[in-house]
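Data block below; observations after.
All values below come from the heavy atoms of this structure, side chains included, with hydrogens, waters and symmetry mates left out. Start at 1 and go down the list; that is how both ligands and their atoms are numbered.
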Amino acid sequence: MKAVVFHEHGGTEVLRYEDVPDPKPGPRDVIIKVQGTGVNYNDVWARQGLPGMKFDLPHIAGSDVAGEVVEVGGAVTSVKAGDRVIIHPGVSCRICAACTSGREYFCRQFKIYGFQTGPLDGGDAEYVRIPEVNVVPMPSNLSWEEGAAIGLVLLTVWHMLITRAQLKPGEDVLVWGASSGIGHVAIQLAKMVGARVIAVGGTDEKCAKAKALGADEAINYNTQDVVAEVRRITGRKGVEVVFEHTGEATWERSIQALAWGGRLVTCGVTTGFEGRTDLRFLFQKQLSLLGSHQGNKAELVEGLKAVEAGRIKPVVDTVLPLRDAARAHELMETGNHFGKIVLKP
Ligand SMILES: [Zn+2]
């Protein structure tokens, strides 16, 4: 079969479209014929390499797959050939105390599929092998491209807003990066909860698209003062929840935008690792800083009910042939898209 492989870390030139052996299922594995792979920032980081993190090379990236089951191992009982599925990208032992308490992201063996999963190759291929436990039905109202775009972002956002920040109806939430994969899903989930959404985008066009998705207010961070706008919109109160994933460039403003007793939830640092926190705000305003990473399978299944009900829908910005993975990485890095980029074998 064909796959996008990199044998060394580097720029997009290290991505090669080449022949690799077809995957064979173990007893509890499923083989999926890939119909679409969602591109995530993880793919860029895996290709570039990250300090202090070891990647198995050669590497096939891709954490989001939608496709049709074509073969199952002898011990598989819940999935059969012909099923239309997407994948839960959290790979873990499923045996330890963390896994059996529904906190698989604390498993000592936890890995994100396609990012660091070693011998388990990622989704940038014509076929993938994945454990049965990582397979979930694709919502019937999604196209293959939409199915490939929803899993990882929905899981991440659900864990952030519902499980960690415990967002409630009537609360104000500030969503940074409204046009990103997670940002555009966060807007929809927060609206579903009944919160008032203030989205932040880098252009007026992105702000308009955020409003079309349901955001009540939108702030253009290139032309407006985000903290001043939040204070104006909330009558100087600030927001109960800040949805963070950009890190260094936005961190201080995120803290300043919080209401008394507010919660900041973060899952990423795309602009840098060093965030400055004025500790006077932390204790005087009794703020909560919440880290979030991935989520469990039950959260994904729960979130997909909202997708099936039409309450949350992924926006697919661009679909490219699998062989053009380098172009997809370039688009991710420039950040001019709104929603998700999908590769199609
Ligand atoms: Zn475990």
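Residue pairs that meet the salt bridge (Lys or Arg N to Asp or Glu O under 4.0 Å) test with at least one member in residues 123-135, sequence neighbours left out, are D29-R129.
Hydrophobic clustering, defined by side-chain heavy atoms of Ile, Leu, Val, Met, Phe, Trp and Tyr closer than 4.5 Å, groups W251 together with L174, W176, I198, V200, I219, Y221, V226, V230, I233, V239, V242, I255, L258, L264, L279, F281, L282, L287, L289.
For the ring-ring contact (aromatic ring centres under 6.0 Å, His included) test, residues two or more places apart in sequence or in another chain that qualify with W45 are Y41.
Around the Zn ion (ligand 1), the protein contributes the following N, O or S atoms under 2.8 Å, ordered by chain and number: C93 SG, C96 SG, C99 SG, C107 SG.
Not a single donor-acceptor pair under 3.5 Å links the side chain of D64 to the backbone N or O of A149.
Partner of D216 under the side-chain hydrogen bond (donor to acceptor under 3.5 Å, both in side chains) criterion, chosen from K211, K191, R196: K191.
In this structure, K305 does not pair ionically with E308, as no charged nitrogen and carboxylate oxygen lie closer than 4.0 Å.
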